[in-house]
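Single-structure report; data block below.
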Amino acid sequence: MAEDKTKIQEDTRKILVKWKTKRGSLIMALHEIQGAFGYVPWDAMEVVAEELKIPMAQIYSVLTFYNYFKLTAPGKVVISICDGTACHIKGGQSVIEAFEKELGVPAGTTTEDGLFYIQIVRCLGCCGLAPVVVVNGKTYGRVTPLDAPKIVAEWRETMAKEGV
Amino acid sequence: MVKLTIDSKVVEVPEGTTILDAAKSAQIKIPTLCHHPDLPPTAACGICIVKVGNRMVRSCCTPVAEGMEVITRDPDIIEARRTVLKLTLSKHPNECLTCLKNETCELRKLSADFGIRDTEFANITPSKEEMPLDDSTKSIVLDPRKCILCGRCVEVCQNVQNVWALSMLKRGINTHISPAADNKLGDSPCIKCGQCTAHCPTGALTERDDTQYVWSLLQDPEKYCVVQIAPAVRVAIGEAFGYKPGEITTGKIYAALRRLGFNAVFDTNFGADVTIMEEGSEFIERFVNGKGALPLITSCCPAWVDYMEKYFSDMIPHFSSCKSPHEIVGALAKTYYADKVNVPTEKMRVISIMPCTAKKFEILRSEEMFSSGFQDVDVSLTTRELARMIKQAGIDFVNLPEEEADSPLGSYTGAGTVFGFSGGVMEAALRTVHAVVTGKEMPEDALEVKPILGLDKGIKEMTMDLNGKEVRIAVAHGIGHVQALLEKVREAEQKGEEPPYHFIEVMACQGGCVGGGGQPLGVTDEIRKARMEGLMKDDRGSKQRCSHLNPDVKKLYDEFLGKPLSERSHHLLHTSYQKRELYKK
């Protein structure tokens, strides 16, 4: 972990070189940091606070105001659950709840083992299959809450086989 | 000047005045909730809406314009305000009877004024399990369920105090106040100044209530309870009993404390006099004898100490090592006094009554707070907590005959009492330093060094002649003003230049302790000033106005401490500092 921290902070410092001298560049800098790491790590925020001279309280307010920013590393298995109009009407909400219950974390977060990440999306373009769930590119249609444990188990197995 | 009409009354006010203030000048009171005279308007709540023509605007943030016609009350406006209140109450727990803020809650008062009985909106307050209390500090309790998102605490924490512990996180219905990363206050940059508790209109931010613990100590026949009151308490606690801000009630407080059951009643002002003996000597060591870093910076204020350790730890060599006055009284009570009355130290408990929430944290901040071999001060109560205890005990404070404090830690000089407002510690130090260095007492008309007193400016500067040598002095109050001052010192140090100042006083709260985070609520500059004038009156009425002339202080040094900065003084009356992280993870 200590090594991770040093690496994250070094990379962040490099990213910030061009933003340091410009006022009002916090959001742009955070965008670029998320682009580099897939999320905005606390260790990176510390460097932002120091280099841009912006208090952590303000950085965190901005990060939590916009849904776009992620504060935890997305898991290796990304479960995208659709809550667009068609999926919502067909019970998308109960599918979301079923996955949250199965994995024990709320949508928008990663499980403690870093394996699964649940994200809610708006329309995946296959409303005929509603409610739809896409896991690492594989599409599941007409998903019911009872499918959640099965899908999670399937991916646990897949990942175990790949040695993750 | 701008001319307008408010409720058909012609009003003339300077350009830039808000409708709210213009109405006030015409004796029209527009109700407010998120507005506070100390802070810029956040326009969060919508209670203060008025009509300008057919438009409804928020009067707290709308400036007046020539010829404007404002209506502040009609059925539409009243209805809109009632709706705002009902919506606010729909996400606020109905726990008024058991809430610490109960009678001082601004939301409760407004709901009473507007006669809110039933409401058509369901109550969606999260449960205590869903939204737990943050009691991670010894000083401040944050109950986010009671927060109405007015933004006052965030404004005062970030922009007035420059501490940046509290922030608004998330958005919409999920918005809440919290330190970054939903850390607890105790793991955040919070310096416990308590200004958030002084500005919160509801029970979301309060002092930690330690009164039950004090009751249990007072009822324990095995305990010998010693109490002391800080300078700023005597000119503020009266407000809880109908006195005007600034009225001196020292004798009544002593009497009330005896009736509560304390075995000995002392005064922190005595400790302030001792602080001056120690800190004054430290200054002379550094300024006259060239031993140690300049400027010397005062260290009486625990919120300031916490801030410095977190944000400016490179300034540690500049800090006076002297403890704050109530810690000095605590250490002396459990050694010098305990010996005199032959009370075993393990049976003695020292309770401080302070205008401050940070003092609750200070009593445990380092091992030096245990210099007597026991915890030197056991409990620190705020002015507000003592007022509640007096009410609970059924003591008729107003009609109480005045009493005196006990000997030997109860007498004080005018210099001790001025510790309670910004500039006072410096004032007191200069009186004694002048006498020691020149061998002559300051003439009466030179006391009250004007440029450093008063509350109009955040940073006050002056120079003084000390035996032909110029002393450069700065005084800051409201911790937000400190950064600029310290950066100047830091810069000079880095460039190897002469320091810009020799002596700096800092108090974390605006106005100093008179405006402390533990004082009676509803503070404004007017009230801070009235309390300050009360203390100045106390100073002028004192027999002695210089700390070194306090006969009990002289006796203390003769009998017990030897001389200032002696080995025993260092052990009991001094402390050390360390760098602290902003966030604990």
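Chain naming here is simple, since letters A, B, ... match the order of the sequence lines and numbering starts at 1 in each.
- Considering OG1 of A:T64 and CG of B:D182, their distance stands at 8.0 Å, rounded to 0.5 Å.
- Surrounding NE2 of A:H88 are at most 12 heavy atoms belonging to other residues, nucleotides or ligands under 6.0 Å away.
- Using a distance-only test at 3.5 Å, with no hydrogens or angles considered, a donor-acceptor pair links the side chain of A:S61 to the main chain of B:M168.
- A 6.0 Å sphere centred on NZ of B:K101 holds more than 12 heavy atoms belonging to other residues, nucleotides or ligands.
- Only the backbone of B:L166 comes within less than 4.5 Å of a heavy atom of chain A; no side-chain atom from C-beta onward does.
- Going from atom OH of A:Y60 over to atom CG of B:N183 covers 8.0 Å, rounded to the nearest 0.5 Å.
- No more than 12 heavy atoms of other residues, nucleotides or ligands sit less than 6.0 Å from atom CD of A:E112.
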Exercise answer: donor-acceptor pairs, residues 96-110 of chain A side-chain atoms, under 3.5 Å, sequence neighbours excluded:
unit_1	atom_1	unit_2	atom_2	d
A:E100	OE2	A:A107	N	2.9
A:T109	OG1	A:P106	O	2.3
A:T110	OG1	A:A73	O	2.5

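- Counting non-hydrogen atoms of neighbouring residues, nucleotides and ligands closer than 6.0 angstrom, the CD atom of B:E497 exceeds 12 such neighbours.
- The number of heavy atoms from other shown groups lying within 6.0 Å of NZ (A:K90) does not exceed 12.
- For the atom pair CZ (A:F65) and CG (B:L169), the distance works out to 12.0 Å, reported to the nearest 0.5 Å.
- Annotation: residues 48-58 of chain A contacts chain B through A:P55, A:M56, A:A57, A:Q58 [non-hydrogen atoms, separation under 4.5 Å].
- Counted within 6.0 Å of OH on A:Y66, heavy atoms from surrounding residues, nucleotides or ligands total 12 or fewer; the atom is thus considered open.
- Around atom NZ of B:K170, no more than 12 heavy atoms belonging to other residues, nucleotides or ligands sit under 6.0 Å away.
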